[in-house]
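Worksheet for the structure shown next.
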Amino acid sequence: MRLNGCVLFADTAGGLFSSTSRGRALLRSGRHVHASVLSGAAMAEESKKLAAYAAVDNHIQNNQVVGVGSGSTIVYAVDRLAERVRQEKLNLVCVPTSFQSRLLILQHGLTLSSLDRHPELDVAIDGADEVDEELTLIKGGGGCLTQEKIVASCAKHFIIIADFRKDSKALGEQWKKGVPVEVIPLAYVPVSRAITEHFGGEANLRMAVSKAGPVITDNSNFILDWKFERPQNWKEVSTALKMIPGVVETGLFVGMAERAYFGMEDGSMKIRDPLVN
């Protein structure tokens, strides 16, 4: 976050610090990065940036292979990655989860690789459509769920960045579009019927906005959006969905994320770790 030209970051305890002497002086003088500085949509956008910068600063080190996710929040994460590479001369290799993230990596001059070359990642940073209190995620609103899950599964650490609109106690509170399910085109009708018969709700084929016909994933598949009716045992549901012939992957990420950074509506940031049972 910028305050009078100074970039402010968040530490692991949620506090703010600055990489410049002027920023440190502003903080010492009692200047706050809250409603007095920003307002409305600009504040929410800056909070997303704050969360993304904090995640990159707290989890990215030299000589790492980094999984780069997809979505609007990831743009800020890649901005910060590129900035740190320039300033600190970091040696990083980036593996994208989508065509969008591939372009971001190339546009910022970062080193592009793939799972063919680097099947083991040190950390993956991605966004989410919704995050519950146990760090169970719904992902795939942008259609990249399968590649995102593959990359995340190859990482030693999986970190989420999101804004306050994605923060929920239980899935379905904030995200109303349902759980994305990527399917083989041949199977979208049988899979849709099987989902509703077994789990209730409705599973609808996602249609494109600027073209006639359905949304096509980077893997040339279709997406069903399953609007569920009630809370579920998401681990069991995820496993059962993947057993339906024709299902490629689901947007349920269960037990994968180890930390989430949220940019809050007031311009602050909060961190969520998994609940300890």
Side-chain angles (χ1 to χ4, degrees), residues 67 69-72 74 96-101 115 124 126-154 158 160 162 165-257 260:
S70 309
S72 61
I74 292 299
T97 62
S98 67
F99 186 77
Q100 178 220 11
S101 52
L115 293 178
D126 207 342
D129 297 307
E130 192 169 33
V131 185
D132 75 7
E133 61 182 3
E134 297 181 348
L135 291 189
T136 300
L137 318 174
I138 292 178
K139 290 177 52 57
C144 306
L145 58 153
T146 297
Q147 294 181 192
E148 288 173 342
K149 188 174 284 190
I150 292 170
V151 169
S153 71
C154 294
F158 182 40
I160 293 297
R165 296 169 296 183
K166 316 300 175 60
D167 180 16
S168 295
K169 287 188 176 181
L171 296 185
E173 287 183 358
Q174 301 278 12
W175 181 253
K176 304 299 183 181
K177 297 181 181 180
V179 174
V181 180
E182 185 165 345
V183 299
I184 300 295
L186 172 69
Y188 84 90
V189 171
V191 170
S192 176
R193 288 168 56 88
I195 291 174
T196 56
E197 287 175 3
H198 286 88
F199 304 105
E202 58 182 53
N204 300 315
L205 182 64
R206 187 184 299 181
M207 303 303 291
V209 175
S210 299
K211 66 176 281 292
V215 169
I216 306 296
T217 71
D218 285 359
N219 309 306
S220 300
N221 293 318
F222 291 171
I223 292 180
L224 296 172
D225 289 305
W226 170 44
K227 297 182 180 180
F228 52 91
E229 298 174 333
R230 59 188 182 280
Q232 307 272 349
N233 182 321
W234 294 117
K235 184 176 182 179
E236 292 181 0
V237 169
S238 179
T239 300
L241 285 173
K242 291 179 67 173
M243 293 299 293
I244 300 173
V247 170
V248 177
E249 189 52 84
T250 81
L252 289 168
F253 285 53
V254 184
M256 299 184 71

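A donor-acceptor contact closer than 3.5 angstrom is absent between the side chains of Thr196 and Glu202. Side-chain contact annotation: Thr217 with Glu182, donor-acceptor N/O pair under 3.5 Å present.
Although no hydrogens or angles enter the test, the distance criterion places a donor-acceptor pair under 3.5 Å between the side chain of Lys149 and the main chain of Thr250. Side-chain N or O atoms of Trp226 include none that pairs as donor or acceptor with a backbone N or O of Asn204 at under 3.5 Å. Side-chain atoms of Ser168 never come within 3.5 Å of backbone atoms of Leu171 as a donor-acceptor pair (strictly under, hydrogens ignored). In terms of modelled atom types and a separation under 3.5 Å, the side chain of Ser70 and the main chain of Cys144 share no donor-acceptor contact. When atom types are taken as modelled, the side chain of Lys211 and the backbone of Pro214 share a donor-acceptor pair closer than 3.5 angstrom. Between the side chain of Asn221 and the backbone N or O of Val248, no donor-acceptor pair lies under 3.5 Å. With Ser101 contributing its side chain and Thr97 its backbone, the two residues share a donor-acceptor pair below 3.5 Å. Although no hydrogens or angles enter the test, the distance criterion places a donor-acceptor pair under 3.5 Å between the side chain of Lys176 and the main chain of Gly172.
Contact annotation: the side chain of Leu224 approaches that of Leu205 to within less than 4.5 Å [non-hydrogen atoms, C-beta and beyond]. Taking the side chain as every heavy atom from C-beta outward, Val181 and Ile223 never approach each other to under 4.5 Å. Here the side chains of Ile138 and Pro180 are in contact, with some heavy-atom distance below 4.5 Å.
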Inset, instruction - Start with the C-alpha distance between Asp126 and Phe253, add both sets of side-chain angles, then the distance that settles side chain to side chain contact (heavy atoms under 4.5 Å, CB included), and finish with yes or no. - result: CA-CA 12 Å; Asp126 207 342; Phe253 285 53; 5.8 Å; no
Inset, instruction - Take Asn219 and Gln147, measure what side chain to side chain contact (heavy atoms under 4.5 Å, CB included) needs, and give me the verdict at the end. - result: CA-CA 9 Å; Asn219 309 306; Gln147 294 181 192; 2.9 Å; yes
Inset, instruction - Take Leu137 and Phe158, measure what side chain to side chain contact (heavy atoms under 4.5 Å, CB included) needs, and give me the verdict at the end. - result: CA-CA 12 Å; Leu137 318 174; Phe158 182 40; 3.8 Å; yes
Inset, instruction - Begin with the C-alpha distance, continue with both residues' side-chain angles, and end with the deciding distance and a verdict on salt bridge (Lys or Arg N to Asp or Glu O under 4.0 Å) for Asp129 and Lys139. - result: CA-CA 5 Å; Asp129 297 307; Lys139 290 177 52 57; over 6 Å; no
Legend entry - Phe222 and Ile216: CA distance, side-chain angles, deciding distance, side chain to side chain contact (heavy atoms under 4.5 Å, CB included) verdict: CA-CA 5 Å; Phe222 291 171; Ile216 306 296; 3.3 Å; yes
Legend entry - Glu133 vs Lys169, salt bridge (Lys or Arg N to Asp or Glu O under 4.0 Å): CA-CA, chis, key distance, verdict: CA-CA 5 Å; Glu133 61 182 3; Lys169 287 188 176 181; over 6 Å; no
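When every heavy atom of Leu145 is checked against every heavy atom of Gly251, the shortest pair comes out as CD1-N, 3.4 Å. The two residues Val254 and Ser238 have their closest heavy-atom pair at CG2-CB, 4.4 Å. Closest heavy-atom contact between Ile74 and Gly69: CG2-O, 3.3 Å. Across Ala152 and Met256, no two heavy atoms sit closer than the pair CB-CE, 3.7 Å. Nearest heavy atoms, Ile160 versus Ala257: CG1-CB, 3.9 Å.
Looking at Glu130 and Lys166, no side-chain N of the basic residue comes within less than 4.0 Å of a carboxylate O on the acidic one, giving no salt bridge. By the 4.0 Å N-to-carboxylate-O rule, Arg206 lies close enough to Asp225 to be salt-bridged with it.
In this structure, Lys242 NZ and Glu249 CD are separated by 3.5 Å, a value rounded to the nearest 0.5 Å. In this structure, CZ on Arg230 lies 9.5 Å from CZ on Phe199, to the nearest 0.5 angstrom. Ile244 CD1 to Arg193 CZ: the interatomic distance, rounded to the nearest 0.5 Å, is 12.5 Å.
Less than 6.0 angstrom separates the ring centroid of Trp234 from the ring centroid of Phe228.
Partners of Asp132 according to the salt bridge (Lys or Arg N to Asp or Glu O under 4.0 Å) rule, which considers only residues two or more places apart in sequence or in another chain, do not exist here.
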